[in-house]
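Below is one structure, written out as structure tokens, with a few remarks after it.
Naming convention: chains lettered A, B, ... in sequence-line order (proteins, then strands); numbering from 1 in each chain.
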Protein chains: 2
Amino acid sequence: MAHIVKSQTRRRRKRGEPGRTRGSAISDLTAQRLSIYLRCLDELRRAGVETVSSQALARQFQLHPAQIRKDLACFGEFGVRGVGYVVADLRRNLVRILGLNRDRKVIIVGAGNLGRALADYGGFNQEGFSVAGLFDSDARKIGRATRGGVPVRAMRSLPALVRRMRVGLAVLAVPATAAQKVFDQVVEAGVRAVLNFAPARLRGRRGVIIKAVDLKIQLENLVFHLIRSRGAV
Amino acid sequence: MAHIVKSQTRRRRKRGEPGRTRGSAISDLTAQRLSIYLRCLDELRRAGVETVSSQALARQFQLHPAQIRKDLACFGEFGVRGVGYVVADLRRNLVRILGLNRDRKVIIVGAGNLGRALADYGGFNQEGFSVAGLFDSDARKIGRATRGGVPVRAMRSLPALVRRMRVGLAVLAVPATAAQKVFDQVVEAGVRAVLNFAPARLRGRRGVIIKAVDLKIQLENLVFHLIRSRGAV
DNA sequence: ATGTGTGAAGTGCTTCACAGCG
DNA sequence: CGCTGTGAAGCACTTCACACAT
């Protein structure tokens, strides 16, 4: 996946500090790792582990201890010297820092195979996210529902729903040719962040965050490394 | 997307040079951009553009001209001074460098919503990739087929198929709890590179390349930036 | 005149190493 | 003593700026 959100350390913070940040800005790489840490902590919690040192975390999940400490230190002092981190506490803090304590509405545009799969994907409808709507422009799909029971709505009804439900996020699962047009539409409706599955490079807009997830680029990248790692395959 | 393939510039090249590399190793970031360049060139070709300068490419696709030149220069001198790059030529070279001129077999493990959607996804069955099989461990799914007509096979038959068809790549679309086990199975069968959609951190194995595509991490990351970019939402 | 290819400078990310605290 | 938090060092990636080719 190629991101549009690139290094932003240069960008200064301006307003209130929703995560109680210490020091300037947070790099995107750090932000991504916070989510990974959260996953790891969930796993440890399920395993009944109560405290964990950065070293133990790093060993188990193949990270670097100093990096974990540095990443966390951006937001406060969560550790106990001589002991490590209390799993439950750190988890709660990460949830807060990542803004997952409030429910976020997501719309999915494109009710093809992928769009329907995403609409039914459990991960979206738990822990902080909920699917507010699934849209398509194909009249034959509109009105029908996914296996999971999510109805397909007309694009025409998108702006009203986005405003009414205060939807901030959109997932684009449309063909590459439609991607830019659909992007413009959802932004116009009020969406502030977009996860793009279409294999197209979107022309962004000020204040709108874009992340691209491109399966073919991922596969191509695997092949690239594969070829070079040993003598062919 | 959080990758496991991290910076590898330090790693020295050892054997033959399948992409005719000049100078030591290629960074993963460069590799990912090569795929992006290929996409851009396809778009330009469709638009009937015959030559393009790094500057024009960069403007149109929001990249940096020097970076494009540097990335390409790793593999040879493809440009014409005073003119730019011949779209068709550069495209052909990128296809070769990325190893897309040969067909790659891919298996998909997990025939849930996502797995089936991926099996039917057009992008996999064109331009260098083909789905060699879709597998699941659920007896109720085995024998049935996706909308696109891809049959679901038993996990038991996986190793034989991987060997017979020389499958090098696997896509994991299984629940997080099953991910590590399935990973070990496909690696044991001979797969050398894995694209992991399961929200779990895989414990890798020497010589096996892993890329993780985690939807929830992507969404979380969007929210993170969203919260910080302006005063809430 | 125009645009590549590339050493050098600039920037940001990661890792080290240790002071300081429990 | 063990482990965090952190300045400093190391390393990798990006961008600049210009020699050189056409």
Listed in order of residue number, which residues of residues 44-60 of chain A have a non-hydrogen atom at under 4.0 Å from DNA chain D? A:Ser53, A:Ser54

For A:Ser53, the side-chain hydrogen bond (donor to acceptor under 3.5 Å, both in side chains) test, sequence neighbours excluded, returns none

Looking at residues at least two apart in the chain, or sitting in another chain, which of them share a side-chain hydrogen bond (donor to acceptor under 3.5 Å, both in side chains) with B:Arg59? none

Rounding to a whole Å, what distance do you find between [X]:[atom1] and [N]:[atom2]?
X	N	atom1	atom2	answer
A:Phe78	D:dG5	CZ	P	9 Å
B:Asn93	C:dT4	CG	C1'	15 Å
B:Asp28	D:dC11	CG	C1'	17 Å
B:Gln67	C:dT4	CD	P	15 Å
B:Ile26	D:dA12	CD1	C1'	14 Å
A:Arg33	C:dG12	CZ	P	16 Å
A:Leu63	C:dC13	CG	C1'	15 Å
B:Ile68	D:dT15	CD1	P	11 Å

Could you list the residues that satisfy salt bridge (Lys or Arg N to Asp or Glu O under 4.0 Å) with [X], not counting sequence neighbours?
X	result
A:Lys216	B:Glu127
A:Arg92	A:Asp89
B:Lys105	B:Asp103

Below 4.5 Å, heavy atoms only, C-beta onward: do B:Val191 and B:Phe183 meet side chain to side chain? no

Return the set of residues passing side chain to side chain contact (heavy atoms under 4.5 Å, CB included) with A:Ala179 (not counting sequence neighbours), or none when no residue passes. A:Val174, A:Ala198, A:Ala200, A:Leu202

With sequence neighbours excluded, residues passing side chain to side chain contact (heavy atoms under 4.5 Å, CB included) with B:Asn93: B:Phe78, B:Arg96

Is there any protein nitrogen or oxygen under 3.5 Å from a nitrogen or oxygen in nucleotides 17-20 of chain D, and what are the pairs?
residue	atom	partner	partner atom	Å
D:dA17	N6	B:Arg69	NH2	3.1
D:dC20	O2	B:Arg81	NH1	3.1

D:dC16 phosphate, OP1 or OP2, under 4.0 Å from B:His64 side-chain N/O: yes

Considering only NZ, NE, NH1 and NH2 on the basic side and carboxylate oxygens on the acidic side, decide whether B:Glu77 and B:Arg69 come within less than 4.0 Å. no

Qualifying side chain to side chain donor-acceptor pair (under 3.5 Å) pairs with a residue from residues 177-186 of chain A, counting only residues at least two apart or across chains: A:Gln180-A:Asp184

Tell me, which of residues 83-91 of chain B have any heavy atom that sits under 4.0 Å from an atom in DNA chain C? B:Val83, B:Gly84, B:Tyr85

Please tabulate, for side-chain N and O atoms in residues 36-52 of chain B, each donor-acceptor pair with protein atoms closer than 3.5 Å (sequence neighbours left out).
residue	atom	partner	partner atom	Å
B:Tyr37	OH	B:Asp71	OD2	2.6
B:Arg39	NH1	A:Asp214	OD1	3.4
B:Arg39	NH1	A:Asp214	OD2	2.4
B:Arg39	NH2	A:Asp214	OD1	3.4
B:Asp42	OD1	B:Arg91	NH1	2.5

Pairwise 5' ranking along DNA chain C for A:Asp71 and A:Gly82, keeping only the more 5' one: A:Asp71

Answer yes or no: side-chain N or O of A:Lys70 and base N or O of C:dT14 forming a donor-acceptor pair under 3.5 Å. no

